[in-house]
Enquirer: 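Before I ask anything, let me first share the structure, which is written out below as structure tokens.
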Amino acid sequence: MDFNSPSPITAQWLSRDSTQIAPELIGCTLVRQMPDGSCFRGVIVETEAYAPEDPAMHAYRRPTARNRVMFGAAGIAYVYLIYGIYHCLNIVTDRAEIPSAVLIRALQLDTLPDWITPPQSLKPDRVAAGPGKLCRALKIDLALNATPFQPGQGLWLEHRYPWFQQQMDQDKLSLTQTTRIGLTKGVDLPWRWYLTDSPAVSRKG
DNA sequence: TGTAAGATCCTA
DNA sequence: AGGATCTTACAT
């Protein structure tokens, strides 16, 4: 068993179509480093892609103050506030001037942050089961908008562990592809992926 | 300057 | 099924 962390995901790796990257991010690790240096890790188990010709994408019409980071280069965090309450974390993809991103919708956390345990009566698997919940669990808010995903910074990504890739190659793990959740536009685009048997997925089907 | 909708989540 | 809660985008 290899206990070393896989290599960090680079901006170059993320400089491709969001619809190609979104399924490949399943099984990769999101790392959140707090200001005190402590780290929390979660395996990504659910993603959604947002693309240029996609009416559901925030930058579909034109650049605005909120969506401008999606017009920049790949490898940057796009964080926004939804319903005045929750935050959502996206990874900007593709090259500059091509607005696109992958929404991280659920994580399987390996360690529960201590500020989550007492107040939440959530089962551990459900603590980061949803885009708003994972941002709450890892203290991700607007302060992290436009942050590059880089080791040692507040946020970064790591490639799949070899054992995860092997399980995928042997069809012992599989992905499910479905339509996206919570939208009123682009509802028929099948751009959501999740790890089929994961208990940490926001919802199945 | 006003207003309707929103890539959510929890409770009833 | 409804409410919390408030920013954003677009219309006036």
Side-chain angles (χ1 to χ4, degrees), chain A residues 14 17-23 25-26 30 42 44-72 74 76-94 98-109 112-113 115-147 149 155 157 175-195 198-205:
Chain A
L14 294 166
D17 288 355
S18 59
T19 53
Q20 183 180 1
I21 293 170
L25 278 171
I26 306 291
L30 174 70
I44 297 169
V45 297
E46 182 180 350
T47 58
E48 282 178 359
Y50 291 83
E53 301 302 313
D54 168 12
M57 195 197 51
H58 287 169
Y60 179 62
R61 293 172 69 90
R62 58 180 52 80
T64 66
R66 178 176 70 163
N67 68 33
R68 76 186 149 73
V69 302
M70 279 198 287
F71 287 88
I76 308 294
Y78 168 47
V79 182
Y80 67 92
L81 182 65
I82 184 68
Y83 294 102
I85 306 175
Y86 298 99
H87 298 275
C88 290
L89 172 67
N90 295 256
I91 301 165
V92 175
T93 55
D94 219 315
I98 308 290
S100 64
V102 174
L103 171 69
I104 307 301
R105 284 195 55 90
L107 300 174
Q108 175 81 56
L109 296 181
L112 292 191
W115 58 82
I116 286 290
T117 318
Q120 301 275 350
S121 55
L122 287 172
K123 289 165 56 177
D125 285 338
R126 308 304 299 164
V127 167
K133 294 169 76 177
L134 75 88
C135 285
R136 185 179 56 188
L138 296 183
K139 294 191 186 294
I140 293 166
D141 61 20
L142 292 177
L144 288 169
N145 188 43
T147 300
F149 286 90
L155 290 170
L157 298 159
L175 303 188
T176 299
Q177 180 176 8
T178 65
T179 52
R180 298 172 295 182
I181 291 181
L183 306 176
T184 58
K185 292 171 276 191
V187 293
D188 294 326
L189 293 171
W191 287 353
R192 171 176 174 246
W193 290 266
Y194 63 87
L195 186 60
S198 170
V201 167
S202 67
R203 59 188 240 209
K204 311 276 186 174

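A note on names: the letters A, B, ... follow the listed sequences, proteins ahead of strands, and every chain is numbered from 1. Values reported hereafter were calculated over all heavy atoms of this structure, with side chains retained and with hydrogens, waters and symmetry mates removed.
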Enquirer: Suppose we screen for side-chain hydrogen bond (donor to acceptor under 3.5 Å, both in side chains). Which residues come up paired with A/Thr178, at least two apart in sequence or across chains?
Expert: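 A/Thr178 satisfies side-chain hydrogen bond (donor to acceptor under 3.5 Å, both in side chains) with A/Arg192 only.
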Enquirer: Using the ring-ring contact (aromatic ring centres under 6.0 Å, His included) criterion, which residues pair with A/Tyr80? Sequence neighbours excluded.
Expert: A/His58, A/Tyr78
Enquirer: Once side-chain hydrogen bond (donor to acceptor under 3.5 Å, both in side chains) is applied, do any residues pair with A/Thr47, and if so which ones, sequence neighbours excluded?
Expert: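 A/Thr47: no side-chain hydrogen bond (donor to acceptor under 3.5 Å, both in side chains) contacts found.
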Enquirer: Got a sec, which residues hit side-chain hydrogen bond (donor to acceptor under 3.5 Å, both in side chains) with A/Thr176, two or more places apart in sequence or on another chain?
Expert: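 Checked A/Thr176 against side-chain hydrogen bond (donor to acceptor under 3.5 Å, both in side chains); matches are A/Thr196.
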Enquirer: In whole angstroms, how far is the P atom of B/dA5 from the OH atom of A/Tyr80?
Expert: 18 Å
Enquirer: Check the interface with nucleotides 9-12 of chain C: list each N/O to N/O pair with the protein under 3.5 Å, or write none.
Expert:
unit_1, atom_1, unit_2, atom_2, d
C/dA9, OP1, A/Thr64, OG1, 2.4
C/dC10, OP1, A/Arg61, NE, 2.2

Enquirer: Could you check whether any side-chain heavy atom of A/Ile21 comes within less than 4.5 Å of a side-chain heavy atom of A/Ile91, counting everything from C-beta outward?
Expert: no
Enquirer: Among all residues two or more places apart in sequence or in another chain, which pass the side chain to side chain contact (heavy atoms under 4.5 Å, CB included) test with A/Pro131?
Expert: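 For A/Pro131 the side chain to side chain contact (heavy atoms under 4.5 Å, CB included) partners, ignoring immediate neighbours, are A/Cys88, A/Leu103, A/Arg105.
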Enquirer: Starting at NZ of A/Lys185 and ending at P of B/dG6, how long is that distance when rounded to a whole Å?
Expert: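 Whole-Å distance recorded here is 6 Å.
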Enquirer: Considering residues at least two apart in sequence or located in another chain, which fulfil the side chain to side chain contact (heavy atoms under 4.5 Å, CB included) criterion with A/Pro199?
Expert: A/Gln108, A/Asp125
Enquirer: Rounded to the nearest angstrom, tell me the gap between atom CD1 in A/Ile91 and atom P in B/dA7.
Expert: 18 Å
Enquirer: Rounded to whole angstroms, how far apart are NE2 on A/His87 and P on C/dT8?
Expert: 11 Å
Enquirer: Might you list the N or O atoms of the protein lying below 3.5 Å from N or O atoms in nucleotides 1-5 of chain C, with each pair's distance?
Expert:
unit_1, atom_1, unit_2, atom_2, d
C/dT5, O2, A/Tyr83, O, 2.5

Enquirer: Of all residues at least two apart in sequence or in a different chain, which pass the side-chain hydrogen bond (donor to acceptor under 3.5 Å, both in side chains) check with A/Asn67?
Expert: A/Thr64
Enquirer: Take atom CZ of A/Arg203 and atom P of B/dC10, then tell me their distance rounded to the nearest Å.
Expert: 13 Å
Enquirer: Calculate the interatomic distance between A/Asn90 atom CG and B/dG6 atom C1'; express it in whole Å.
Expert: 14 Å
Enquirer: Return one dot-bracket line describing DNA chain C 5' to 3' (Watson-Crick or G-U wobble pairs, both distances under 3.5 Å; ( ) same strand, [ ] crossing, | another strand, . none).
Expert: ||||.||||||.
Enquirer: Rounded to whole angstrom units, what separation is found between the CD1 atom of A/Ile181 and the P atom of B/dG6?
Expert: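 Value for this atom pair: 16 Å.
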Enquirer: Mind checking side chain to side chain contact (heavy atoms under 4.5 Å, CB included) for A/Ala146 and listing every partner two or more places apart, or none if nothing turns up?
Expert: A/Val69, A/Ile76
Enquirer: For B/dA7, is there a stacking contact with A/Tyr50, counting only centres under 5.5 Å and planes under 30°?
Expert: yes
Enquirer: In terms of the nearest nucleotide of DNA chain B, which residue is placed more toward the 5' end: A/Leu134 or A/Thr184?
Expert: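 It is A/Thr184, whose closest nucleotide lies nearer the 5' terminus.
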Enquirer: Can you check whether A/Arg105 has a side-chain N or O nearer than 4.0 Å to OP1 or OP2 of B/dT8?
Expert: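 Looking at the OP1 and OP2 atoms of B/dT8, one of them is under 4.0 Å from a side-chain N or O of A/Arg105.
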Enquirer: Under 4.0 Å, heavy atoms only, any strand: does A/Leu103 hit a base, just the sugar-phosphate, or nothing?
Expert: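 A/Leu103: base contact, heavy atoms under 4.0 Å.
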Enquirer: Checking A/Trp115 side chain against A/Ala137 main chain: does a donor-acceptor pair fall under 3.5 Å?
Expert: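 At least one qualifying donor-acceptor pair exists.
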Enquirer: For A/Tyr194 and A/Arg203, what are the C-alpha separation, side-chain angles and deciding distance, and is it a side-chain contact (heavy atoms from CB on, under 4.5 Å)?
Expert: CA-CA 9 Å; A/Tyr194 63 87; A/Arg203 59 188 240 209; over 6 Å; no
Enquirer: Please list all pairs passing the salt bridge (charged side-chain N to carboxylate O under 4.0 Å, His left out) test where one or both residues lie in residues 49-62 of chain A, with sequence neighbours left out.
Expert: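 Of all non-adjacent pairs touching residues 49-62 of chain A, those that pass salt bridge (charged side-chain N to carboxylate O under 4.0 Å, His left out) are A/Asp54-A/Arg180.
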Enquirer: For a quick check of understanding: with a heavy-atom distance under 4.0 Å over all strands, which category does A/Ser202 fall into, base, sugar-phosphate or nothing?
Expert: nothing
Enquirer: Which whole-number value in Å describes the distance from A/Arg126 CZ to B/dC10 C1'?
Expert: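 Whole-Å distance recorded here is 13 Å.
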